[in-house]
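A short write-up of the structure that comes next.
Naming: A, B, ... by sequence-line order, numbering from 1 per chain.
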Amino acid sequence: MVDRREKLERLRAAGIDPYSRGFKPTHTTVEARALLGEGDRTTEEVALAGRMMVKRLHGGSAFADLQDGAGRIQLFAGRDILGPAAFELFADLDPGDVIGVKGPMFRTRRGEPTVEVHSLQLLTKALRPLPEKWHGLKDIEIRYRQRYVDLIANPEVREVFRTRTRIITGLRTLLDERRFVEVETPVLQEVPGGGHARPFLTHHNSLDRDLYLRIALELHLKRLLVGGFERVYEVGRVFRNEGLSPRHNPEFTMLECYEAYADYDDVMKLVEDLMVASAKSAGRPLATAYQGEEVDLTPPYRRARMADLVLEHTGKQAVGNELNDLFEEHVEAKLRQPTFVIDYPIEISPLARPRADDPRFVERFELIILGREYANAFTELTDPVDQRARFEGQAAKRAAGDVEAHPMDEDFLRAVEYGLPPCGGLGVGIDRLVMLLTDQPSIRDVILFPVMKPEA
RNA sequence: GCCGGCGUAGCUCAGCUUGGCAGAGCAACGGUCUUUUAAACCGAUGGUCCAGGGUUCAAAUCCCUGCGCCGGCACCA
């Protein structure tokens with residue numbers, strides 16, 4: 001750091017702006033390599049910009065690797081070609097400096113496609129040294145706290161996040177093709193509903209009013225179905241005031257979609273299509289593996305009633321909360337291949353439609369893969385009288401001290417009283433889906449800036 | 001919140017068991033070298049051993065407390 005600051009002053013004294021601008025690249029490193037193709041030399045010059053990563057000096061010549069958003073390419077500088085002043089500038093560069101170079105492409109004796117540097121511009125002087133070139137950056141704490149360094153030092157990390165974007169784009173494309181309308185609904189909410197979680201509390205100063213950060217998207221999207229949007233979806237951040245783990249970050253990304261005149265059987269088919277589309281977007285075969293365990297995402301997925309699964313694994317017949325507890329304790333982790341667990345107890349599903357043939361259960365499913373939940377969906381409850389009764393039941397639990405029981409939402413009830421068409425709804429945890437499709441072990445590996453405690 | 005592991009140079013890591021001068025490679029610095037690619041070679045430099053306290057003639061090393069990171073549990077339908 002001290003050395004680099006002194007170098008900065010030396011550069012300025014020599015009339016070189018260490019934070020210059022105006023350089024316009026004509027090619028990426030990948031395009032430059034393609035321009036050379038199988039040839040030995042191009043007559044055309046390329047202009048490349050990026051970060052100088054490593055430098056190999058050989059007296060009157062010098063090599064360096066330039067990294068840009070597309071990849072890396074080798075640079076060659078010769079004193080006879082560049083002239084003494086520019087050559088000294090090149091030789092004096094530090095790993096991490098952002099530079100622009102111009103020159104033709106050629107192939108070295110060893111066959112490496114290389115830019116023959118005919119001119120050089122220092123664009124940004126780096127004051128901090130990069131992590132080691134061979135071992136790279138492994139320290140997990142620095143990787144998460146200083147993601148910018150991780151992204152420089154570990155290009156495969158960039159690829160994970162590019163894949164994340166491709167997956168989300170693929171999901172949007174499929175929903176758009178099916179005439180779902182993407183919408184945005186409030187993050188700041190008076191009533192944090194639609195899920196079962198402790199919310200974050202914040203405060204609006206000029207209204208002098210407490211507001212919550214949303215824990216789900218559901219209730220506003222269903223209001224939009226009341227309003228006449230027949231197919232809506234939102235990809236958005238939700239916030240849950242809970243502990244951290246390799247599968248939990250306090251803010252994470254949900255996809256929720258709602259379709260009028262559909263039920264949970266239709267939604268299961270949609271989920272299968274979304275899984276196939278997202279695997280394709282990620283460039284993953286459907287028969288794949290996660291952290292060394294084989295998993296086959298080829299539809300159709302097994303469908304099994306929760307009560308049947310619990311009976312199969314425990315020999316016990318149960319309903320209500322007990323059924324769900326038995327499922328979570330004894331069954332969920334054992335479901336490795338994709339499985340739609342269907343027909344949840346009504347007690348834990350205050351927004352779902354009861355089964356006509358057995359009102360102890362609702363038309364709800366979760367998609368479980370490798371013991372983890374990837375989707376949660378149901379045929380929505382549209383009966384406003386039943387919905388009010390469910391909320392009142394939850395309010396009683398809340399009064400009894402259950403901080404996660406669903407809060408009363410009078411405005412949502414009013415909307416349902418105007419008439420919510422029969423519909424199916426779906427929620428997908430995007431981060432966990434990306435983990436699966438990029439084979440990353442921790443949710444922090446698919447969130448650019450995960451929540452951390454303050455630095456020591 | 002509870003339990004366990006980890007924290008040493010900018011980076012990657014030894015050293016800790018059994019207390020005795022703070023180490024290596026890479027980066028950075030000086031030098032040789034005009035097609036190398038983990039460039040090579042020569043030289044010199046670089047430390048709050050996470051922080052604080054204790055035991056001891058002597059602590060990176062043993063003990064206690066705190067902080068951070070990782071994993072597990074709890075929480076998270």
Fill in: Note, Asp65(A) side chain near Lys133(A) side chain (heavy atom, < 4.5 Å)
no
Worksheet, complete the sentence: Scanning all shown strands, the Watson-Crick or wobble mate of C73(B) with both distances under 3.5 Å is G1(B)
Worksheet item: To the nearest Å, how far apart are Leu66(A) CG and U37(B) P?
Response: 20 Å
Practice prompt. With the side chain counted from C-beta on, respond yes when Thr163(A) and Gln440(A) share a heavy-atom pair under 4.5 Å apart, and no when they do not.
Written response: no
Item to complete: Indicate, with a heavy-atom threshold strictly under 4.0 Å, whether Arg110(A) touches base, sugar-phosphate, or nothing.
Response: base
Practice prompt. Let me know, please, whether Trp134(A) or Ser349(A) comes out on the 5' side of the other along RNA chain B by nearest nucleotide.
Written response: Trp134(A)
Worksheet item: Atom NE2 of His58(A) and atom P of A40(B): how far apart are they, to the nearest Å?
Response: 9 Å
Worksheet item: For atom C1', what is the distance between C21(B) and A60(B), given to the nearest Å?
Response: 13 Å
Worksheet, complete the sentence: Phe87(A) CZ to C33(B) P, in whole Å, measures 11 Å
Practice prompt. Starting at atom CZ of Arg79(A), determine the distance to atom P of U35(B), rounded to an integer number of angstrom.
Written response: 13 Å
Worksheet item: Is Lys133(A) near enough to A27(B) that one of its side-chain N or O atoms lies under 4.0 angstrom from OP1 or OP2?
Response: yes
Fill in: Candidate pair Arg10(A) and Lys7(A), rule side-chain contact (heavy atoms from CB on, under 4.5 Å), full reasoning
CA-CA 5 Å; Arg10(A) 286 203 304 276; Lys7(A) 190 178 275 190; 3.7 Å; yes
Worksheet item: Taking side chain as C-beta onward, heavy atoms only, is Met275(A) less than 4.5 Å from Ile369(A)?
Response: yes
Discussion item. Taking C11(B) as the reference, what is the distance to A58(B) when you measure between their P atoms (whole Å, please)?
Written reply: 33 Å
Discussion item. Can you confirm if the NZ or CZ of Arg372(A) lies within 45° of the ring axis of Tyr290(A) and under 6.0 Å from the centre of its six-membered ring?
Written reply: no
Worksheet item: Quick one: on RNA chain B, does Glu242(A) or Met452(A) contact a more 5' nucleotide (nearest heavy atom)?
Response: Met452(A)
Practice prompt. Remember a base hit wins even if backbone is also touched, and classify Glu373(A) as base, sugar-phosphate or nothing at under 4.0 Å, heavy atoms.
Written response: nothing
Practice prompt. Look through every strand shown and name the nucleotide pairing with U34(B) as Watson-Crick or G-U wobble, where both distances are under 3.5 Å.
Written response: none
Item to complete: Give one of base, sugar-phosphate or nothing for Ile142(A), where a contact means two heavy atoms less than 4.0 Å apart.
Response: sugar-phosphate
Fill in: Sugar-phosphate only, base, or nothing, as touched by Arg240(A) at under 4.0 Å among non-hydrogen atoms
sugar-phosphate
Fill in: Spacing of the C1' atoms in A44(B) and G31(B) (rounded, Å)
10 Å
Worksheet entry | Spacing of the C1' atoms in A14(B) and G7(B) (rounded, Å) | 15 Å
Fill in: Whole-Å distance separating the NZ atom of Lys453(A) from the C1' atom of G68(B)
7 Å
Item to complete: Identify whether any heavy atom of Arg444(A) sits under 4.0 Å from a base atom; if not, whether one sits that close to sugar-phosphate; answer base, sugar-phosphate or nothing.
Response: sugar-phosphate
Practice prompt. Could you tell me whether Asp94(A) contacts a base, only the sugar-phosphate backbone, or nothing, with contacts defined as non-hydrogen atoms closer than 4.0 Å?
Written response: sugar-phosphate
Practice prompt. Determine the contact category for Glu404(A): base if any of its heavy atoms lies under 4.0 Å from a base atom, sugar-phosphate if only primed atoms, P, OP1 or OP2 are that close, otherwise nothing.
Written response: sugar-phosphate
Discussion item. Say we look at C16(B) and C6(B): how far apart would their C1' atoms be, to the nearest angstrom?
Written reply: 13 Å
Fill in: Atom pair distance, as rounded to whole Å: CZ in Arg4(A) and P in U45(B)
21 Å
Worksheet item: Among side-chain atoms of Thr28(A) and Asp68(A), is any donor-acceptor pair under 3.5 angstrom?
Response: no
Fill in: Watson-Crick or G-U counterpart of C62(B), or none if no pair lies under 3.5 Å
G54(B)
Worksheet item: Is there a side-chain polar atom (N or O) of Arg145(A) under 4.0 Å from OP1 or OP2 of C69(B)?
Response: yes
Item to complete: Classify the nucleic acid contact of Asp139(A) as base, sugar-phosphate or nothing, counting any heavy atom under 4.0 Å across all strands shown.
Response: sugar-phosphate
Discussion item. Regarding Tyr344(A), tell me which of base, sugar-phosphate or nothing describes its non-hydrogen contacts under 4.0 Å with the strands shown.
Written reply: nothing
Discussion item. Please classify the nucleic acid contact of Ile348(A) as base, sugar-phosphate, or nothing, using heavy-atom distances under 4.0 Å.
Written reply: base
Discussion item. Would you say CZ of Arg56(A) has more than 12 non-hydrogen atoms from neighbouring residues, nucleotides or ligands within 6.0 angstrom?
Written reply: yes
Fill in: Spacing of Leu130(A) atom CG relative to U12(B) atom C1', expressed in whole Å
14 Å
Worksheet item: Which is true for Pro345(A) with a 4.0 Å heavy-atom rule: it touches a base, it touches only sugar-phosphate, or it touches nothing?
Response: nothing
